[in-house]
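Reviewing the structure listed below.
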Amino acid sequence: MAKMLINGERVDAASGATTDIRNPATGQHVDSVPKADAADTRKAIEAAAEAFKNWSKLAPHKRGQMLMQASACARAKLDDVAQLLTQEQGKPIRDSRIEAERFADNIEIYAGLVNGGAMSGKHVPLPAQKAMGLVVRRPIGVVGAIIPWNFPLTLMANKIAPAMAVGNTVVVKPASTTPLSTLRLAELMLEGGLPAGVLNVVTGPGGVVGEELIRHPWVRKIGFTGETGTGKQVARSAADELKHVTLELGGSDAAIVCDDADLDVAARNVAIGRFFNAGQACLAIKRVYVFDSVADDFIARIVARAKRLKLGSGMDDSAQMGPLHTEKQRAEIEAQLADAVQRGGRVVAGGHRPSGEEFSRGYYFEPTVVVDVPDDARVWTEETFGPLLPIRRVASLDEAIDLANSSEYGLGSSIFTRDMAKAQRAIDELEAGYTWVNAVQVAHDELPFGGTKHSGYGKEHGTEVLDYYTEQKSVVVAT
Ligand code: NAD
């Protein structure tokens with residue numbers, strides 16, 4: 001059975017309670033993990049607070065060195081980690097390998113940035129007095145990192161890599177269904193020399209472990225990724241302790257396909273954007289607005305791509321799309337599709353659970369495209385977290401931008417056009433934290449990432465994330 005990691009020790013929950021982890025492709029038991037309670041969580045917080053005393057005082061380059069060594073140890077076993085990720089999450093093994101690599105990349109990027117002066121502040125002349133002004137950066141303290149199940153490793157790295165590099169210590173709470181790859185990576189980092197207590201992992205229910213992290217006064221910062229509804233609850237609970245919070249929440253990203261677009265580029269990037277990770281990505285393209293004059297051609301290209309995608313168990317190297325993560329997730333997509341069809345929508349690709357023995361025990365659903373769906377249908381107003389793509393015809397860029405902005409979400413957005421004036425309008429007017437122009441909708445480690453409106457606040461990635469894991473202090477030195 002897998003164990004939690006608290007203060008450098010592999011431990012069970014004090015109560016002995018456990019949670020079973022099952023493979024979404026087969027329903028088979030993969031392993032069990034401890035089911036922690038609030039008292040277990042407090043032990044991890046106390047360990048992180050104790051470790052902070054030394055970790056935060058290390059010379060930044062020394063922390064960078066230790067993180068590089070820990071990452072090297074993890075890198076040597078990334079294939080094991082990827083296997084665990086596919087078994088617990090369901091995604092194709094090649095995607096799990098990329099995700100595990102990105103974890104190590106992220107640790108190394110921020111370890112390197114620390115060496116390059118991530119902790120540097122600035123000198124500000126104070127002409128009014130004989131004095132020198134300085135702005136210095138300090139770590140915040142103990143960080144709680146609360147992670148969802150769709151990209152457990154990259155979303156953990158987005159928080160813990162910058163947090164640890166600048167001197168904070170961390171307690172990670174993975175999603176209840178995807179703790180195994182997280183625990184394995186944390187173990188490898190400790191084997192690689194990370195001091196006890198700097199990185200702790202507590203497994204258990206969000207309402208218990210997550211809530212304790214958010215309410216405990218010693219945790220000074222919460223990095224949260226998850227649903228908008230949960231994020232609002234996190235913000236309310238964190239308010240009592242006036243805690244720093246970064247909220248990376250849900251999305252309903254729109255892609256606009258203009259009449260002058262390269263339709264092949266648009267269809268390829270929209271298909272990847274919608275069906276990657278079986279559509280279970282915050283940054284997935286969840287709505288398409290296509291100019292009427294090219295709509296038939298574009299829809300035909302997307303339908304062909306959807307039909308070509310090879311479904312299969314994540315452990316099958318040739319599979320391009322695995323099952324959905326849970327039965328609940330599949331039922332939700334089926335309900336959203338049924339709502340669209342009941343209102344008059346037409347399914348032009350997919351729409352069913354695939355038949356065949358190999359699919360009978362997993363939560364599979366075909367890549368699905370639906371057209372002629374009225375604007376009040378759930379697929380336009382809610383987040384669709386699965387392989388379901390609604391496409392709507394528009395008469396103009398004005399109409400497309402208005403519809404794109406009609407969502408309460410504001411995470412990502414895309415436009416496909418050869419006309420830079422149209423692209424400029426999209427960049428200026430789309431209400432989102434990211435706009436891709438003729439590009440595939442993936443987040444780059446180098447660029448700040450985070451939403452607006454109900455998609456949350458705060459940034460991950462880039463150098464901008466450092467502002468969210470440090471506090472700035474002003475200093476005046478009379479001369
Ligand atoms: P979720 O909100 O159900 O759970 C996220 C995490 O919060 C889990 O670890 C869960 O155990 C924990 N949690 C649940 N209740 C809690 C509480 N009361 N207090 C503290 N923690 C609690 O989300 P999910 O279903 O795991 O993930 C899918 C959602 O995440 C989608 O909405 C998706 O768009 C969003 N997401 C956003 C981003 C982003 O960067 N913006 C990235 C990936 C996923």
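Order of listing sets the numbers, starting from 1, for every ligand and every atom in it.
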Completion exercise
Within 4.0 Å of some non-hydrogen atom of Glu248, the atoms of ligand 1 are 37 (C), 38 (C), 39 (C), 40 (O), 41 (N)

Exercise for the section: First locate atom CD of Glu99, then atom CG of Leu78, and finally report the distance between them rounded to the nearest 0.5 Å. Expected result: 11.5 Å

Exercise for the section: Look at the aromatic rings of Phe385 and Trp149 and report parallel, tilted or perpendicular, splitting at 30° and 60°. Expected result: perpendicular

Practice task
Please report which non-hydrogen protein atom sits nearest to atom 17 (C) of ligand 1, along with the residue it belongs to and the distance in Å to one decimal place.
Solution key: Gly206 O, 3.6 Å

Exercise for the section: Return a yes/no value for Asn150: is any of its N or O atoms, backbone included, closer than 3.5 angstrom to an N or O of ligand 1? Expected result: no

Handout entry: For atom 41 (N) of ligand 1, closest protein heavy-atom neighbour
Key = Leu249 O, 2.8 Å

Exercise for the section: Measure the spacing between CD1 of Ile160 and CG of Leu199 and express it to the nearest 0.5 Å. Expected result: 5.0 Å

Practice task
Could you list which atoms of ligand 1 come closer than 4.0 Å to a heavy atom of Gly250?
Solution key: 32 (O), 34 (O)

Problem - N or O contact, Lys286 vs ligand 1, cut-off under 3.5 Å - result: no

Exercise for the section: May I ask you to identify the nearest protein heavy atom to atom 12 (C) of ligand 1, giving residue, atom name and distance to one decimal place in Å? Expected result: Ile146 CG2, 3.7 Å

Practice task
Using a strict 4.0 Å threshold on nitrogen-to-oxygen distance, state whether Glu108 and Arg75 make a salt bridge.
Solution key: yes

Exercise for the section: Tell me which part of Pro205 gets within contact of ligand 1: side chain, backbone, both or neither, using heavy atoms under 4.0 Å. Expected result: neither

Practice task
Look at atom 36 (N) of ligand 1 and find which of Pro179, Gly144, Cys282 reaches it with the closest heavy atom.
Solution key: Cys282

Practice task
Give yes or no for whether the N/O distance cutoff of 3.5 Å, strictly under, is met between Leu155 and ligand 1.
Solution key: no

Handout entry: Per-atom contacts of ligand 1 with Leu411, taking only distances under 4.0 Å to non-hydrogen atoms
Key = 41 (N)

Practice task
Could you please spell out the steps behind the ring pair (Phe, Tyr, Trp, His ring centres under 6.0 Å) verdict for Trp380 and Tyr289?
Solution key: CA-CA 11 Å; Trp380 301 118; Tyr289 301 110; 5.5 Å; yes

Exercise for the section: Before giving the answer on side chain to side chain contact (heavy atoms under 4.5 Å, CB included), spell out for Met119 and Val166 the whole-Å C-alpha distance, their side-chain angles and the decisive distance to 0.1 Å. Expected result: CA-CA 7 Å; Met119 295 300 285; Val166 298; 3.4 Å; yes

Practice task
Report yes or no: does a heavy atom of Phe385 sit under 4.0 Å from some atom of ligand 1?
Solution key: yes

Fill in the blank from the handout: Nearest heavy-atom approach of Leu213 to Gly144 is CD1-CA, 4.3 Å

Exercise for the section: Output yes when the distance from some N or O of ligand 1 to some N or O of Lys173 is under 3.5 Å, and no in every other case. Expected result: yes

Exercise for the section: Indicate the ring-plane relationship of Phe359 and Tyr364, choosing parallel, tilted or perpendicular according to the 30° and 60° boundaries. Expected result: perpendicular

Exercise for the section: Answer yes or no: does an N/O atom from Ser455 fall short of 3.5 Å to an N/O atom of ligand 1? Expected result: no

Problem - Part of Val209 with heavy atoms under 4.0 Å of ligand 1, whether side chain, backbone, both or neither - result: neither

Practice task
Indicate the atoms forming the closest heavy-atom contact of Arg137 with Leu466, along with that distance.
Solution key: NH1-O, 3.8 Å

Completion exercise
Checking heavy atoms under 4.0 Å, the part of Thr225 that sits near ligand 1 is both

Exercise for the section: Using a strict 4.0 Å cut-off to heavy atoms of Pro174, name the atoms of ligand 1 that fall inside it. Expected result: 9 (O)

Exercise for the section: May I ask you to check whether over 12 heavy atoms, not counting those of Lys328, lie within 6.0 Å of atom NZ? Expected result: no

Completion exercise
For Phe224, the atoms of ligand 1 under 4.0 Å from one of its heavy atoms are 2 (O), 6 (C), 7 (O)

Problem - Close-contact set for ligand 1 against Glu383 heavy atoms, below 4.0 Å - result: 31 (C), 32 (O), 33 (C), 34 (O)

Fill in the blank from the handout: Exactly one candidate in Asn158, Thr246, Asn106 meets side-chain hydrogen bond (donor to acceptor under 3.5 Å, both in side chains) with Glu460; the answer is Asn158

Fill in the blank from the handout: Of all protein heavy atoms, the one nearest atom 14 (C) of ligand 1 is Thr230 CG2, 3.6 Å

Handout entry: Atoms of ligand 1 close to Gly210 [distance to a heavy atom under 4.0 angstrom, numbered from 1]
Key = 20 (C), 21 (N)

Exercise for the section: Work out whether the distance between some heavy atom of Ala175 and some atom of ligand 1 is less than 4.0 Å. Expected result: yes

Exercise for the section: Determine whether any heavy atom of Ala281 lies closer than 4.0 Å to an atom of ligand 1. Expected result: no

Handout entry: Geometric N/O contact Ile147 with ligand 1, under 3.5 angstrom
Key = yes

Practice task
Give a yes or no on whether a salt bridge exists between Glu431 and Lys453, defined as a side-chain N under 4.0 angstrom from a carboxylate O.
Solution key: yes

Handout entry: atom 18 (N) of ligand 1 - nearest protein heavy atom and its distance
Key = Glu211 OE1, 3.5 Å

Practice task
Using a strict cut-off of 4.0 Å, indicate which atoms of ligand 1 neighbour a heavy atom of Phe449.
Solution key: 40 (O)

Handout entry: Side chain to side chain, Thr225 and Ile147, heavy atoms closer than 4.5 Å
Key = no

Practice task
Note the single closest protein heavy atom to atom 27 (O) of ligand 1, along with its residue, its atom name and the distance in Å.
Solution key: Pro148 CB, 3.2 Å

Handout entry: Nearest-contact summary for atom 24 (P) of ligand 1 - protein heavy atom, Å
Key = Trp149 NE1, 3.4 Å

Handout entry: Reported OG-to-CG distance for the pair Ser15 and Asp37, which is rounded to 0.5 angstrom
Key = 5.5 Å

Problem - Arg353 and Glu366 ion-paired at < 4.0 Å - result: no

Handout entry: For atom 4 (O) of ligand 1, the protein heavy atom that lies nearest, with its residue and separation
Key = Gly226 CA, 4.6 Å

Problem - Interatomic distance, Cys73 atom SG to Met189 atom CE [nearest 0.5 angstrom] - result: 9.5 Å

Completion exercise
Counting heavy atoms under 4.0 Å, the part of Glu460 that contacts ligand 1 is neither

Handout entry: Student check: side-chain heavy atoms of Tyr469 and Lys221 closer than 4.5 Å
Key = yes

